Structures are given as structure tokens and as C-alpha cells.
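Right, one structure below, let's go through it.
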Amino acid sequence: MEDHYISISCLPLPTFIQGGYAIFEPGENHPNRNDLQYFLLIFIVKGQLFISEDGENYTINANEMFILLPRHHHYSWKPTETQTEYYWVHFSITGKWVQAKEPVKVGSEIDIPTLHYFTPTVTMYLKKKRSFTNKENLFSLINRIFKNSAYQNNVGFWQAQQLFIDLLQMIQLPNLGESPATVLAEQIQRYLRDHFDEKITNESLGQVFHVHPNSIASSMKKTFGITPNNFLQRYRLEEAVKRLLTTRKPISTIALEVGYSNIYYFSNAFKRTYNLSPAEYRKKYTNDD
């Protein structure tokens, strides 16, 4: 069963519910559950987890991920032998999904007008159990999801949902029809969205993805027609607009939150794009005095 695949329709999109970090001491057991209505995604950081789903026993080791199905019986078939730590994520799917020995194309629950809407596939393929190597980026992304979901505001909610979709994209099986340059560009784009508030250069991106900085720029330009820096600038300003319209935070705070250390540079970049200063934009579209 651990070689099975979970095929998920992405229309409607999967939804992040909650998550956390669990620590089990030797001799402890995973909770016994049979009525959990969410998928449970587990990333083992340290140790081993001995878990059973509907009587099928699994051993999940460090640097492995595993997916438990909703409303199925899962429990420990053996206590932990060493200290075991892992991230866990609950997510919900209201559309179609199936677990099978092979990936299965799953249709949308939504009637898609093919004349005006096109996407090559609406199915996401996840392995029930697989190893992961990009743990630094993976764990950083998971922690950012948790951080944003804890903000308890509109910006935090939507940011957490967006980051969760990026997490699924990171762990999904690759599309064999895509070129290496396209795959790299898509990874770069996700990384820029997830780390937009940090200092990022082509050189730092090259270190993250283990390629020459020139490959970073050329893959983005070839795939999306835009440089990483231009994409980052646009995305930061879009994030600033969200905060201007949905919060009462000072503009200086918003500038810092979206990656601008200099408020004057932020204001000038904002005005060049929207023909209004941040303060004017907020006043015009929110009637906020």
C-alpha cells in the first residue's frame, strides 16, 4: 500500500485546516482515530513512526512523508523506539480523489467552460509514502504556513492557503512532459512567492537551486517572460495592496512586511505601478481617513 498514489482533483482547490509539530518520547503511541474528517500529511524530522491504516502497518523514517486518508482507522501498531519528531498538516478536499496503485486522472467537480478556460490537467498526484531531500526549503515553507495561519486575519488566512498550495506543488509528482527549464522556473516562482519578504538575488537563488545564476534568469525569462527581480517587485506590491485594503497597519510597517527596508523606495515603486501613493490608494479604495 505504501507504493500507492493519491490522485486529487484541484477544482475545487484543497484547503489547509491546521498543523503543528509533534514530539513523541520512546514508548509513546500515535493517537487511535477512525473519525478524522481531514487528510493527515506527515513529515518525519527525526526518529521513526510506526502507524497503521485500516490494518496495514507502515514504518515511516526520518526524511520521509506519509499521507493518511480521512475517515479511515489509523493508530500505532508499535510504540516509538526513539524520540520521534514530525510536522503534521490537516487538509480538506471537497472535490474528487482516489487512492490506487497507479496515478488516476480525476475530473473536476466544477463544470469547466472549455471554450474560455484551459488548463492541461486538474489532477494532482501525490505518493502515499515517499522520501524528501529538500528539507530545508520544505520545513521553512511549512513553518511559514503555520506562522501566517496564526495571524487570525484575512491576510494571514489567504497567505497560509496560498503557501499550502505551494507545499502541495513541491511534493507532487513531476509532470514528465515539462522541460527542465520550465520545472526550474516554476520552482523559482513558488520560492519567490513564499519568500517575497526576504532579500533575494539571482545569486542567492542559484545557491538554493544549485544552478548558475544565469540559469535562474534565463529559465524565468523563457518560461514566464519576466526576470526574477521584476516578478518579485510585482508580487511585493500586490501583497502591499492586500494589506492596505484589509488592515489599518501603518504604511511603514506594510513596506517592511513585503520586503522593502526603505519606505521611500517602496512609495516610489508603488506610485510608478498604481499612479497613486500608498496613502492615496488606501484612501481612494477604502474611504479610510
Side-chain angles (χ1 to χ4, degrees), residues 1-8 13-104 124-150 160-161 163-173:
M1 291 287 284
E2 65 185 39
D3 292 330
H4 278 48
Y5 298 83
I6 300 174
S7 304
I8 300 170
L13 285 170
T15 303
F16 168 74
I17 303 299
Q18 63 177 345
Y21 192 80
I23 301 176
F24 284 72
E25 298 298 333
E28 293 185 333
N29 291 293
H30 186 273
N32 186 331
R33 295 185 177 127
N34 58 17
D35 59 352
L36 186 66
Q37 60 182 314
Y38 310 119
F39 283 85
L40 174 57
L41 179 57
I42 294 173
F43 299 90
I44 303 295
V45 178
K46 176 182 177 182
Q48 285 182 315
L49 191 64
F50 306 102
I51 199 161
S52 182
E53 183 178 64
D54 298 336
E56 185 81 17
N57 294 342
Y58 302 92
T59 299
I60 317 168
N61 301 302
N63 299 325
E64 288 185 336
M65 55 158 281
F66 188 74
I67 302 175
L68 290 164
L69 305 178
R71 303 194 186 281
H72 285 245
H73 190 199
H74 57 263
Y75 54 91
S76 290
W77 62 269
K78 185 168 77 168
T80 54
E81 297 176 343
T82 61
Q83 187 179 65
T84 299
E85 303 179 17
Y86 61 86
Y87 289 98
W88 59 271
V89 175
H90 286 167
F91 66 97
S92 178
I93 297 173
T94 58
K96 300 175 183 177
W97 63 271
V98 62
Q99 177 175 287
K101 293 182 179 180
E102 301 290 340
V104 177
M124 175 178 292
Y125 304 108
L126 303 175
K127 196 79 179 292
K128 186 171 184 68
K129 179 186 177 186
R130 63 175 293 191
S131 60
F132 55 83
T133 56
N134 55 340
K135 61 181 180 181
E136 182 176 338
N137 289 340
L138 190 63
F139 295 162
S140 173
L141 178 55
I142 294 172
N143 282 314
R144 289 173 73 89
I145 294 172
F146 295 169
K147 178 182 177 182
N148 278 276
S149 67
Q161 297 301 329
L163 291 169
F164 173 64
I165 297 302
D166 288 344
L167 173 64
L168 291 180
Q169 287 184 292
M170 185 179 291
I171 64 174
Q172 72 174 332
L173 299 179

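Quick caveat: nothing in here was measured; it's all calculated off a predicted structure. Values below: every heavy atom of this structure, side chains too, minus hydrogens, waters and symmetry copies.
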query: If we only count heavy atoms from C-beta on, is the P70 to Y38 side-chain gap below 4.5 Å?
result: no

- prompt: Can you tell me how far CZ of R130 sits from OH of Y5, rounded to the nearest 0.5 angstrom?
  reply: 9.5 Å

message: Using 30° and 60° as the class boundaries, would you call the ring planes of F16 and F164 parallel, tilted or perpendicular?
response: tilted

- request: For residues I44 and F66, determine if any side-chain heavy atom of one lies less than 4.5 Å from a side-chain heavy atom of the other.
  value: no

field: Distance, nearest 0.5 Å, that separates CD1 of I17 from CD of Q37
entry: 7.5 Å

- prompt: Got T133 and L138 here, is their nearest side-chain heavy-atom distance under 4.5 Å?
  reply: no

query: How long is the span from the CZ atom in R144 to the CD1 atom in I142, to the nearest 0.5 Å?
result: 13.0 Å

field: Sub-4.5 Å side-chain heavy-atom contact between T15 and Q161
entry: yes

- request: Any chance you could lay out the side chain to side chain contact (heavy atoms under 4.5 Å, CB included) test for Y21 and F146, step after step, and finish with the verdict?
  value: CA-CA 10 Å; Y21 192 80; F146 295 169; 5.5 Å; no

- prompt: Considering all heavy atoms of both residues, which atom of H30 and which atom of H74 are nearest to each other, and what is their separation?
  reply: CE1-CD2, 3.7 Å

- request: Please round to the nearest 0.5 Å and tell me the distance separating atom CD1 of I93 and atom CG of L69.
  value: 9.5 Å

task: Before accepting this row, confirm whether a basic side-chain N of the pair E53/K128 lies closer than 4.0 Å to the acidic partner's carboxylate O.
output: yes

query: Would a 4.5 Å heavy-atom cut-off, applied to side chains only, mark I171 and F43 as touching?
result: yes

- prompt: Got a second to check how far N134's CG is from L141's CG, nearest 0.5 Å?
  reply: 9.5 Å

- request: Kindly state whether the ring of F132 and the ring of F139 have centres lying under 6.0 angstrom apart.
  value: yes

Any donor-acceptor N/O pair, S7 side chain to V104 backbone, under 3.5 Å: yes

- prompt: Would you say the side-chain atoms of W88 pair up with the backbone N or O of L40, donor to acceptor, closer than 3.5 Å?
  reply: no

query: Is there side-chain contact between F24 and S76, with at least one heavy-atom pair below 4.5 Å?
result: no

- request: Check whether any side-chain heavy atom of E25 sits under 4.5 Å from a side-chain heavy atom of Q83, and report yes or no.
  value: yes

- request: Determine whether the side chains of Y87 and N143 contain a donor N or O and an acceptor N or O closer than 3.5 Å.
  value: yes

- prompt: Atom CG in L36, atom CG in L68: separation rounded to 0.5 Å?
  reply: 8.5 Å

field: Nearest atoms (heavy-atom pairs only) where Y75 meets G55
entry: OH-CA, 3.7 Å

- line: Scanning both residues in full, the closest heavy-atom pair of M65 with K127 reads CE-O, 3.9 Å

field: Set of salt bridge (Lys or Arg N to Asp or Glu O under 4.0 Å) partners for K78, sequence neighbours left out
entry: E81

statement: Between P14 and F91, the two heavy atoms sitting closest are CB-CD1, 4.4 Å

- prompt: What pairs with T82 under side-chain contact (heavy atoms from CB on, under 4.5 Å), at least two apart in sequence or on another chain?
  reply: T84

task: Check whether any side-chain heavy atom of Y58 lies under 4.5 Å from a side-chain heavy atom of L49, and answer yes or no.
output: no

task: Say whether, by atom type as modelled, one donor and one acceptor occur between the side chain of D54 and the main chain of H73 under 3.5 angstrom.
output: yes

message: Could you report the tightest heavy-atom contact between E64 and K129, atom names first, then the distance?
response: OE1-CE, 3.1 Å

statement: Closest non-hydrogen atoms of S52 and W77, given as atom of the first, atom of the second and distance, are N-CD1, 3.9 Å

